[in-house]
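Step one of this worksheet: look at the structure below.
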2 protein chains.
Amino acid sequence: MKYRHDMGDDERYAGGLDRILELVVLLNDDMTKSLAAQGLSVSRMTLLWTLRSLGPSPQRALAEALRVTPRAITGLVDGLVAGGLVTREPHPADRRATLVTCTERGTALLDETAGQQREFGRQLFAHMPVARFDALVAGLDDVLATLHGLGLVHQPGVTE
Amino acid sequence: MKYRHDMGDDERYAGGLDRILELVVLLNDDMTKSLAAQGLSVSRMTLLWTLRSLGPSPQRALAEALRVTPRAITGLVDGLVAGGLVTREPHPADRRATLVTCTERGTALLDETAGQQREFGRQLFAHMPVARFDALVAGLDDVLATLHGLGLVHQPGVTE
DNA sequence: CCATATCGTGACGGTACTTCATCATGTACC
DNA sequence: GGTACATGATGAAGTACCGTCACGATATGG
């Protein structure tokens with residue numbers, strides 16, 4: 001039986017959320033800066049990354065994948081083309097559309113970034129006791145599942 | 001002794017980092033949208049939030065706190081003034097400077113946002129077993145400490 | 001063959017951030 | 001007291017991202 005609350009549940013939750021939000025701000029910032037060092041932006045990298053998993057795609061498909069308007073894709077692709085990371089090819093079946101395709105430089109850059117992430121993961125977690133790491137991942141999975149449940153997430157294929 | 005790795009450490013770390021990054025992207029996005037619903041942007045909200053903890057401040061101080069150029073502050077303050085959330089007052093001691101001050105509308109909006117965060121924290125964590133929640137927070141603290149150690153973080157007062 | 005939908009993009013507006021130049025003011029030093 | 005330099009804020013111009021609206025080119029169904 002408690003005679004006195006050291007901290008109400010709401011306070012505890014707030015503390016947890018604060019930590020998560022600090023992480024969000026910090027890593028978002030770091031992501032932006034790291035990519036800038038490679039001459040990329042988060043948006044362009046997202047597009048490139050999506051492109052690899054989709055394969056050569058018309059811009060319309062990319063717009064849906066990134067959940068932005070087709071107009072935004074035009075601009076992003078422009079930038080990536082200028083950087084030699086993707087090309088615009090004619091769509092073989094639909095002359096209205098263009099197929100955006102990753103170049104070798106594009107995939108090389110993608111691989112390089114993946115390597116950097118690996119290294120970053122090591123720096124973040126290598127010193128942690130296994131139990132703590134596993135508990136962290138379990139907690140994160142829980143939170144992510146909750147977010148999905150709250151409808152905060154956009155799974156491909158789910159019409160809103 | 002292990003005869004076979006189910007998963008190398010690097011793979012485990014990568015999985016952990018993936019979850020964190022998914023969270024970063026998701027919450028960053030949600031933050032942006034929630035604030036947009038209140039007619040604010042993340043930058044403006046950050047400024048407002050900083051202003052509350054600093055008290056009335058010259059724009060220069062805000063520039064350092066947000067780690068952007070003074071010129072960027074001019075624009076953000078312009079927007080907040082237009083929204084009636086802050087005012088520009090003359091600095092009593094330095095006629096070059098202006099003191100940015102939070103209005104009542106500003107603090108009201110800040111309080112409202114804090115309430116929404118509380119509610120969000122409840123939605124995220126209320127269903128979690130206490131042990132899992134605590135372990136998550138411990139893991140997050142560990143990660144945050146590591147990030148600080150990596151010099152990824154800008155504590156006020158630390159000259160780089 | 002024609003109406004309608006779709007693909008991509010030009011034009012335009014909004015936000016955020018930068019650098020550089022400028023003006024007003026503060027400050028230090030002779 | 002006056003001159004030189006530092007500092008606060010902002011105008012101008014440039015980059016990047018995103019949105020809406022309009023439009024031309026093409027596809028497609030009746």
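So that the names make sense, note that chain A is the first sequence line, chain B the second, and so on, each numbered from 1.
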Once you round it to whole Å, what is the distance between [atom2] of [N] and [atom1] of [X]?
X	N	atom1	atom2	value
B:Leu35	C:dA16	CG	C1'	15 Å
A:Leu47	D:dA16	CG	P	15 Å
A:Asp78	D:dT15	CG	P	14 Å
B:Lys33	D:dC17	NZ	P	18 Å
B:Arg96	D:dC5	CZ	P	17 Å
A:Glu64	C:dT6	CD	P	11 Å
B:Gln59	C:dT25	CD	P	16 Å
B:Leu66	D:dA9	CG	P	13 Å

Can we call the ring centroids of B:Phe133 and A:Tyr13 under 6.0 Å apart?
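Centroid distance B:Phe133-A:Tyr13: below 6.0 Å, so yes.
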
Residue met sooner reading DNA chain D from 5', once A:Asp94 and A:Ala72 are mapped to nucleotides
A:Ala72

Check every atom of D:dA9, C:dT9, D:dA27 against the side chain of A:Arg88 and return the nucleotide holding the closest atom.
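The nucleotide sitting nearest to the side chain is C:dT9.
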
Among D:dT26, C:dT18, C:dT15, which nucleotide sits nearest the side chain of B:Arg44?
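Minimum distance to the B:Arg44 side chain belongs to C:dT15.
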
Answer with base, sugar-phosphate or nothing: what part of the nucleic acid does B:Pro58 contact at a heavy-atom distance below 4.0 Å?
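Since only primed, P, OP1 and OP2 atoms lie under 4.0 Å of B:Pro58, the category is sugar-phosphate.
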
Using a 4.0 Å heavy-atom cut-off, does B:Leu76 contact any base of the nucleic acid, only the sugar-phosphate backbone, or nothing at all?
sugar-phosphate

Distance check: side-chain N/O of [X] vs OP1/OP2 of [N], anything under 4.0 Å?
X	N	value
B:Arg60	D:dA9	no
A:Ser43	D:dA16	no
B:Thr98	D:dA9	yes
A:Thr69	D:dG19	yes
A:Ser41	D:dC17	yes
B:Arg95	D:dT7	no

Under a 3.5 Å distance rule, please check whether B:Thr98 uses its side chain to pair with a backbone N or O of B:Arg88 as donor and acceptor.
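No, because the side chain of B:Thr98 does not come within donor-acceptor range (under 3.5 Å) of the backbone of B:Arg88.
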
Before giving the answer on salt bridge (charged side-chain N to carboxylate O under 4.0 Å, His left out), spell out for B:Asp9 and A:Arg122 the whole-Å C-alpha distance, their side-chain angles and the decisive distance to 0.1 Å.
CA-CA 8 Å; B:Asp9 281 344; A:Arg122 228 173 286 137; over 6 Å; no

Set out, in order, the CA-CA distance, both residues' side-chain angles and the distance that settles side-chain contact (heavy atoms from CB on, under 4.5 Å) for B:Leu85 and B:Leu40, then state yes or no.
CA-CA 10 Å; B:Leu85 302 176; B:Leu40 270 188; 3.9 Å; yes

Judged by each residue's nearest nucleotide on DNA chain C, which is more toward the 5′ side, A:Ala97 or A:Arg71?
A:Ala97

Presence of salt bridge, A:Arg19 and B:Asp142, under 4.0 angstrom
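Judged by the 4.0 Å cut-off on N to carboxylate O distance, B:Asp142 and A:Arg19 do not form a salt bridge.
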
